[in-house]
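This report refers to the structure that appears directly beneath it.
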Amino acid sequence: MSLPFGQTRTRVAARHALIAPDGHVNSSVPGITGATTVIVINAAMGARFAQVLATFETGGRADFAGSEVETAGYFETGGASLRIGTEKAKCGPGGFFFAPAGSDWSITAPKAGTRVTLFQKIYQVIAGLSAPRAVIGDAAAMKGRPFLGDPAARLKVLLPDVPEFDLAMNIFTYQPGATLPFVETHVMEHGLLMLAGQGVYRLEDSWYPVAAGDAIWMAPYCPQWFVAMGKTPASYLYYKDVNRAAL
Ligand code: UGY
Ligand code: MN
């Protein structure tokens, strides 16, 4: 559905943002070729991480050398070959990975139209703690657990929740009418991609209709709440920073 002339659902506020796909503009990102790449969230917005959406053409690829940056990735559609260090796998829709800081990784031989979301941040080292391991998995094969006892709101925790990992990547799926049980306010920051369905997201004191394709940034302590609406389940992928000291 086309929007009225001069309108967008996108809103960029000081401590949260809704980025609707109608406003996407591509950037060249070093390491990614043969793809349209949108830097949906990054430090220029006020975030402490980056959320990048890459849509690959046939023959496109991503090649990243080891650095202080760690990457969590999720294949929304399509498929490709993935390599992290010496580990190799084929990823299809629902495939995900974590490439630790210091590891080189690549995505090659994508099917045309493969959509991958990358969350990238600088790894926060803790002296004496070993580095997190590489992870490759398939969210499509995971069931999800009821969130705080509600079977209508199910959470898939994709990465190990152990002190070595300073980021989490999860998928939340809500039946129509299901909600986050309360308005959350927390130190963790979020980057979010709506994968399916629709609903209303509360961000601070604003309520936004959201649908598949929308992205959201929530700064630390941004009050947040969601209700799924419509006739099909709503699902979102999200990032958060975890497991680090208060001071
Ligand atoms: O993990 C979370 O903080 C999650 N419950 N937040 C959210 O879905 N906005
Ligand atoms: Mn939250």
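Both counts, for ligands and for their atoms, begin at 1 and track the order of listing. Side chains are part of it too, since the values below use all heavy atoms of this structure and drop only hydrogens, waters and symmetry mates.
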Could you list the atoms of ligand 1 found under 4.0 angstrom from a heavy atom of [X]?
X	answer
Tyr201	7 (C), 8 (O), 9 (N)
Tyr236	7 (C), 8 (O), 9 (N)
Phe172	5 (N), 8 (O)
His186	3 (O)

Taking non-hydrogen atoms only, is [X] closer than 4.0 angstrom to ligand 1 via side chain, backbone, both or neither?
X	answer
Phe226	neither
Leu180	side chain
Lys240	side chain

### Task
Indicate whether any N or O donor in one side chain lies under 3.5 Å from an N or O acceptor in the other, for Gln224 and His186.
yes
### Query
If we ignore angles and hydrogens, is there a donor and acceptor under 3.5 Å between the side chains of Asp22 and Thr8?
yes
### Residue from Tyr174, Tyr238, Phe172, Tyr236 passing ring-ring contact (aromatic ring centres under 6.0 Å, His included) with Tyr201
Tyr236
## Note on the structure
Test ring-ring contact (aromatic ring centres under 6.0 Å, His included), reference Phe98, set Phe119, Phe165, Tyr123, Tyr239, output is Phe165
### Message
Looking at every heavy atom in both Pro209 and Arg9, which two are closest together, and how far apart are they?
### Response
O-NH1, 3.2 Å
### Asn170-ligand 1 polar pair, N/O distance under 3.5 Å
no
### Task
Starting from the Mn ion (ligand 2), look over the N/O/S atoms of His186 and name the nearest one.
NE2
## Note on the structure
Atom name of the N, O or S atom of Glu184 nearest to the Mn ion (ligand 2) is OE1
#### Entry: Value rounded to 0.5 Å, distance of CG in Leu192 from CE in Met218
4.5 Å
### Query
What is the nearest protein non-hydrogen atom to atom 6 (N) of ligand 1, stated with its residue, atom name and distance?
Glu184 OE1, 2.9 Å
### Query
Mind checking whether Phe75 and Thr114 have side chains closer than 4.5 Å, heavy atoms only?
yes
### Task
Measure from the Mn ion (ligand 2) to each N, O or S atom of Gln224 and report whether any distance is below 2.8 Å.
yes
### Query
Run the side-chain hydrogen bond (donor to acceptor under 3.5 Å, both in side chains) check on Trp217 and Glu189 step by step: do they pass?
CA-CA 8 Å; Trp217 168 58; Glu189 188 175 16; 2.9 Å; yes
